[in-house]
Amino acid sequence: VQLQASGGGLVQAGGSLRLSCEASGIPFYWNVMGWYRQAPGKERELVARIDIGSRTTYPDSVKGRFTISRENAKNTVLLQMNSLKPEDTAVYYCNKVPPYHYWGQGTLVTVSS
């Protein structure tokens, strides 16, 4: 299994970033996929979920600001993040839902105030 997330960076509050994750070694099409994040000193949390019919769910903390999508032909899951807030600062990971034990390196998103 490989889960390679990219697209993170430093952005000012109110800005946008688009994360991408390419998955290999898994039956991508048949899996519910998600984006998770882990902020310093906090538990890892699921912030976006997309099922095999491309139905999406989000927690209230990101609803209306984050959009998850998937490109099955490319084994890729995307996360468009708009109106970013300092509390969105975290390492972001993709994984299936529920997740594999393997997490990959993730990509760091830093939102400055």
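The figures here come from the full heavy-atom set of this structure, side chains too, leaving out hydrogens, waters and symmetry mates.
Nearest heavy-atom pair, Glu71 versus Leu78, reported as atom, atom and distance to 0.1 Å: OE2-CD1, 3.5 Å. What you find for Pro40 and Thr89 is that their closest heavy atoms are CD-O, 4.5 Å.
Hydrophobic clustering, with ILVMFWY side chains joined whenever heavy atoms are under 4.5 angstrom apart, keeps Trp103 apart from Val47. By the rule that hydrophobic residues join a cluster once side-chain heavy atoms approach within less than 4.5 Å of another member, Leu79 and Ile26 end up as members of one cluster. Hydrophobic clustering, with ILVMFWY side chains joined whenever heavy atoms are under 4.5 angstrom apart, groups Tyr100 together with Val77.
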Which side-chain N or O atoms in residues 1-22 pair as donor and acceptor under 3.5 Å with protein atoms at least two apart or in another chain?
{"unit_1": "Ser16", "atom_1": "OG", "unit_2": "Asn82", "atom_2": "OD1", "d": "2.9"}

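At most 12 non-hydrogen atoms from other residues, nucleotides or ligands lie less than 6.0 angstrom from CD of Gln105.
Side chains of Arg70 and Phe28 form a contact here, defined as non-hydrogen atoms less than 4.5 Å apart.
Of the residues listed (Ile50, Thr57, Val97), the one engaging Val32 in a side-chain contact (heavy atoms from CB on, under 4.5 Å) is Val97, and it is the only one.
In this structure, OG in Ser54 is found 12.0 Å from CE in Met33, a value given to the nearest 0.5 Å.
Counting only residues at least two apart or in different chains, side-chain hydrogen bond (donor to acceptor under 3.5 Å, both in side chains) contacts with residues 25-49 comprise Arg37-Glu45, Arg37-Asp88, Arg37-Tyr92, Gln38-Arg44.
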